[in-house]
Every structure is written in structure tokens, then in C-alpha cells.
Amino acid sequence: VRARHPAGFRLLSRAADAPRPPPTASDAVIARIVLALWAASIYAIYWLGYLRGGS
Amino acid sequence: VIDLALLVSILAASAAAGLLLLRLLGALPRAPHEHLLAGVATGLGLTSMLGLALAATGTLRPVPIAAAGATALVLGGPSLVRALRAVRFPRGAAAWLLVGVGALLLLAEAPTWFAPPIGGDQTKYHLAYPRLFAQAGGLIATPWSFWGSQQWLQNFVFAIAYAVRGENLARLLNAASGVLAALALATLVRRHLDRRLGAVAGALFFTMPMCWSQMVRAGADTSLVAYTALAVTAWLDWAIGQRGSDLRRAGLLAGLAGGSKVMGLLVPALVGLGILAVLVRRRIGAGRFLTTSVTYGLLALVALSPWYVRNLAQTGNPIFPFGERVFPGRDWSVEAEAYLNVYYDEYRTREAAQRGARPYKGTEVLLFPWDLTMHPESFENGKRQGQDVSPFILAFLPALVLLRRRRAAALAVAAIGIAYVTLIAGAAWAHPRYVLPGTALALAAATPAARALCGRRVLAAVVAFTVAGNLALVSRMLRPMWPDQVRVALGRMSPEAFLTAYSDRYVFWHRANQAIPPSGRVLVLEKIPHPYYIERPFVLLSYLEQGLVDYRTVRTASALDAAARRLGATYVAVDEEGLHAAGDPFESQVTALWRDYVAGMGEPVLRAGGYALYALPGRTETHG
């Protein structure tokens, strides 16, 4: 299928209709690690704010 | 005990009336065990409408209220009994543990409802005007303060409480709305996102430090959360089953959310867009598209309209004092609204400085979720914990990308929540309390997302840690008042002694009420008056909150004196510290005028708590 839009505009191209390759196991693991780090960081910064602020 | 018995009676009569209406409309939830919650919420909306109708007809008295309650119980009693029998209690030790934590927190909050109200906006308008209406037995015009027009669904429930009993009952009904909000969120999560996580979402919301603030101070925000969550639940019910009953219930409850406060109008708008989105996605025929949209829109409009119609009739502006250019209101002006915005800008600037920033401009508002979580103190003058929403939502909402089960429902709930927060923060005011319905929906969506990221065991630890942290922060808000609130509740401290210890305004007005004869009328010169403790006829003449006396034209002491005499004033009360305020040119002009005016009245009759009371020469007889 030939894309109507230049490369990089995948969502707007006909190629977007083509089935996407399923995410690999490593993609899922990386996503989980990033999200877990984000969540842990939010909790850490939040509580550090209280501990430093003393309120 | 009498207050608790009356609370149960009002809730029972409301639920009976609500269930009856839902049955008549054919709008009951499909599952019988969900009838009670929908019935109570709908019924409290009807109770507020009753309060407004009685006030509008000058019959806001115990007898008509009792008659209406008895009628509701007779007609809707059988439905109420069936709904009570169908209630399903949580299952599992973990759910009961969370319910137990909530019950203990409720027990800790209870003493605050039995001591006189202090703090927040309750003595400024949430309780002050409902009490005035109840004392008068009907609506009274308040051209001397626009807060008399910022009285919505919950405020007229308070008016009923004042007419029947008093302030303790009003605050018990406020707390009932908080419990209703937690139960509604739990229902949304259990019904549409993950049936194992309803109690988790309810507990995370109910223990949130900000929720404590809303439970111990009367306001309109928790009832808005309850109606929002129930409307979104009904919308998702309809999206799944396409049943007309769910559509009608969504319209009714979204409308009641719109009647809960002006910002609540976003709820029927967003749920309406959600309905249109489902109709478009399902490629429904034009006829059904039209009937569905009109059914929803009409029901929402009818449910939200009573409080706006009242404002329209009294002031000429349904959302008085806002939108003055579109709806010119009586005793108000475009200039007065512009000055209100100047004040709000000053307020936002002062508070944002606490996080070393300035109010958001343009895309800076994208920082709001971060600041809301990390710097909740930078939005309102008060303790940091008072606006705290816990780190749970910011930490786990991104994990929505991991969701596989009921992904569309979770994304839909998150989308409505985020849209609410974005529109309020971007177009109105980025303030934790104003975005609370959106925050609550985001919390609901983040709960299954956290489960998807953490798994069952780690989620249990995260929830335990979050709830424990919430409770630790709540415990920091107990000082200084809570021990004395317990003493008042137990009868070991008098309400007067409590008020004397914590409220300068009370200290002044308690003595001023004795100094002013019952036939007197006091003029209050204060920028942001809290009229709750005034027991004599009064007129508020703030330069911020009224346009009856416009300080753009009344610029001399003699002109102000003439206005005061026209209003029948015999005394003038002044906030002495406020006489020296000079935050902007208009404020400087008005406070200079006030100083000039009181200087011509000689020595004050009374000076206490930072306020002074002057007798208007030639108009007064001293008393007490």
C-alpha cells in the first residue's frame, strides 16, 4: 500500500490500516519498568516535599 | 441524637422520593442493589428543589417540609424497603478492612459537625444564606452580596436543615454527600472498571486529605462529585446496553450535577458529548440519534434549571455575578465583574508565589497536575493538607496504557475526568477544589491502571501505604481545633467558648449583636464579609462582592453617608485592618473613603476582635 503522506505520518497514511506487529515481550517489560519508575518517583518526590517542608 | 434521627429521616424521605421519581421516569438502574444509591442522590436533588420551592413561596417552615417528607415516605416507602433489602455489602476481608478505615475516619470527623462552623467559605456563603432563608421562611433579596445568588443544590438542602433544626443537621447532610460521593465512585469502579476494586477506589477518595476538608466544612463540591460519578456510571450503562432507562438516569443525574454549582454545568456537557460520541460510533439512524439526544438534553436541562431560574428571576442573570456582558444583572456591572477578576488574579498570584511561580498562562497550565500533587498549598490560603489529593492519581494514571480488561470504559472515565480538569484549569481557575469532580474520575480510572501495573499483592501494599499516608496527613490537620470540637460535641465545652477561642468575627459580633437594638440595621464595611454571626438586620457594602452601592460613583464620605441613610443604617461595623488595604488603585480609593467616613463618626461604640462598631450620628439609640 502506498502512503499518501510522507514517511513519519503513519497515523495519517493508508499504511496505518495495515496490521501492526504485536508488541514484543521486551516492549511490555520496558513499558512496565518505565511506569513503575514513574510511580515510585512520584511517591518519593511527594513525600520528600512533606518531609522537607515539615508541614 | 435528634440531629442524627432527623438526618436519617431526611435521607429516608429523600430516597423514597428519588426512587419514586426514578420509577416514574423508568430510569432505575438495572441491578436492584444499585437502586438505593441512585435513589438517595436523586432524592437529595428533589429535597433541594423542595427547599427552593418553599423558599420561593415564603413557606420554608417545618410543617410543609414534614408534610412533604411524610408524603414521600408513604408513596415511595415500598420502593425504599425493596431497595434497602437489595443492598449488597462488600465481600472479602480486604474490602471490609477498607470500609472499617472509612468508618473510623467518619467517626473522627463526627465531632466537627457538632461544634460551631469555623473556616472555609461556610460562614461566608455556604451556610450563611441558607440560614438567612430559613430564618426568613423564604428567599430574601441580597443585592448587597452576590453570594446570595451562589446558592445551589446543596445549599437548599442546607436551607431545609436550618428550617427543621439548625447548623449541626446542615453539616451532617454535607457529610452525607461526602459519603455518597465515595460510594458513587466505588460503584463506578466496581460496575465498569474492575469489580474487585470498588472499595479500593472509594477508600482512596474518602481518605484523601482534601476529602477531610470537604467533610468537615460545608460546601457544594462533594455532592457534585457524587452526581458526576453516578451520571458517568449511568452513561456507561447506556453505552453497553443501549437501554432508555440508563439514558434517562444519565440525563437526570448529569442535570443535578449541573445544578450543584456553575462549574458543574460541564458535567452534563461532557456526558452529553460522550453520548454523541457513542451514537456516532454506533452509526445510529438520524431518528434515533435525535430522540436519544433530545431525551438526554431535556432531562438534564429540567434537572439543572431550578437554581438558575431562581437567579434569573431575582437578578436577571442565571449565573449571577458571572457572565455580566451576556446576562446583565441587577445591582452589578461589567466594571464590578472586571474588578472581581482583578481580585482573583491577585489571589492566584499570591498563592502561586508559594511554589515560586506565577499563575498559569497558556500551556503552562499543563504543569497543573504536577503542582496539584506536589504543591497543593499554592492554590489557597490554608494548610497544605487541606487541598492534598495524594500522589496516587499522578503516579498511576499513565499506567492506563497497560490496561487490557475494560480498557475502553477506563479510558472514557479518564477522558471525561481529564477534560473536566483541563477546561476548568484552562478556562476558569486551576484550583484543587474546582477540579475535584475531574480528579475523582481520574482516581477511578487510575485504580484499575495501578492494578494492571502492580499486580494484586503490590497493589495491596500501595493502597495500604497510600491510605496510611493520607491518614497521617489528615492527623496533621486535627490541630488546633479538633480536641476542642470533641469537647463541644461531648458537652464539656460550650459553643460560645469554642467560638470565642477560634473566631475573631464571633468575638466582635457577639458583643455587637447586644449593642445594636433589634430595630437597628448595621452596615458592614469589609472586603470579604462572613455574615454568619450577625443577628441584627444588616447590609454588606464590600467593594468586591456587591454593586448596590458602587464605589466608582460613591466617592465621598457625604455620598457614602447618604447611601447608608437611604439603606436605613443605624450602625456601621468596620474591619479595622481592612481600612489600610491598598492592593490596587480601586482598593486604595475605597479604603481611603472608608477611613474618611468613619473618622467623621467619632469614637466607636465597641471595639473587639479587630473590628469596630460605630453609631451613625442622629440615627441610633444605644442598647444593651
Side-chain angles (χ1 to χ4, degrees), chain A, chain B residues 204 208-209 354-356 369-378 382-404 442 446-447 449-455 458-459 461-479:
Chain A
V1 179
R2 191 164 158 240
R4 283 186 299 171
H5 300 282
F9 285 78
R10 188 182 145 74
L11 281 175
L12 301 176
S13 72
R14 288 182 188 175
D17 295 332
R20 296 166 65 178
T24 62
S26 64
D27 286 343
V29 170
I30 289 169
R32 280 182 176 277
I33 290 172
V34 169
L35 289 166
L37 282 175
W38 165 264
S41 307
I42 293 297
Y43 269 75
I45 296 168
Y46 172 87
W47 280 109
L48 277 175
Y50 267 108
L51 294 174
R52 282 193 314 197
S55 55
Chain B
L204 286 171
M208 223 162 61
Q354 293 190 62
R355 59 174 187 270
W370 178 269
D371 292 333
L372 173 66
T373 308
M374 304 301 176
H375 305 286
E377 76 284 3
S378 66
K383 283 189 175 180
R384 175 175 176 168
Q385 296 91 332
Q387 307 293 320
D388 194 305
V389 296
S390 96
F392 185 85
I393 305 165
L394 190 62
F396 292 109
L397 198 60
L400 274 173
V401 295
L402 297 178
L403 266 186
R404 291 292 171 263
T447 307
R451 171 83 162 73
L453 176 63
C454 303
V458 177
L459 178 68
V462 167
V463 170
F465 180 69
T466 307
V467 167
N470 287 347
L471 296 179
L473 294 180
V474 163
S475 72
R476 306 293 291 270
M477 285 192 281
L478 298 181
R479 288 264 168 204

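Protein chains get the first letters and strands the later ones, always in sequence-line order, with residue 1 at the start of each. Just so it is clear, the structure is predicted and the values come from calculations on it, not from any experiment.
If you measure heavy-atom distances from Leu402(B) to chain A, the contacts under 4.5 Å come from the side chain alone. Looking at Ala450(B), neither its backbone nor its side chain comes within 4.5 Å of chain A, counting heavy atoms on both sides. Only the side chain of Phe465(B) comes within contact range of chain A, judged by heavy atoms closer than 4.5 Å. Looking at Val458(B), neither its backbone nor its side chain comes within 4.5 Å of chain A, counting heavy atoms on both sides.
Tyr50(A) contributes atom OH, which lies 11.0 Å from atom CE of Met374(B) (distance to the nearest 0.5 angstrom). Summarising the geometry, atom CZ belonging to Phe392(B) is positioned 13.0 Å from atom CD1 belonging to Ile42(A); distances are rounded to the nearest 0.5 Å.
Side-chain contact annotation: Ser390(B) with Tyr46(A), donor-acceptor N/O pair under 3.5 Å absent.
Without hydrogens or angle criteria, Trp38(A) side chain to Leu394(B) main chain gives a donor-acceptor distance under 3.5 Å.
Between Ala395(B) and Ala39(A), the shortest heavy-atom distance links the atoms O-CB, 3.6 Å.
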Chi angles and distances behind the side-chain contact (heavy atoms from CB on, under 4.5 Å) call for Tyr43(A), Thr466(B): CA-CA 9 Å; Tyr43(A) 269 75; Thr466(B) 307; 2.6 Å; yes
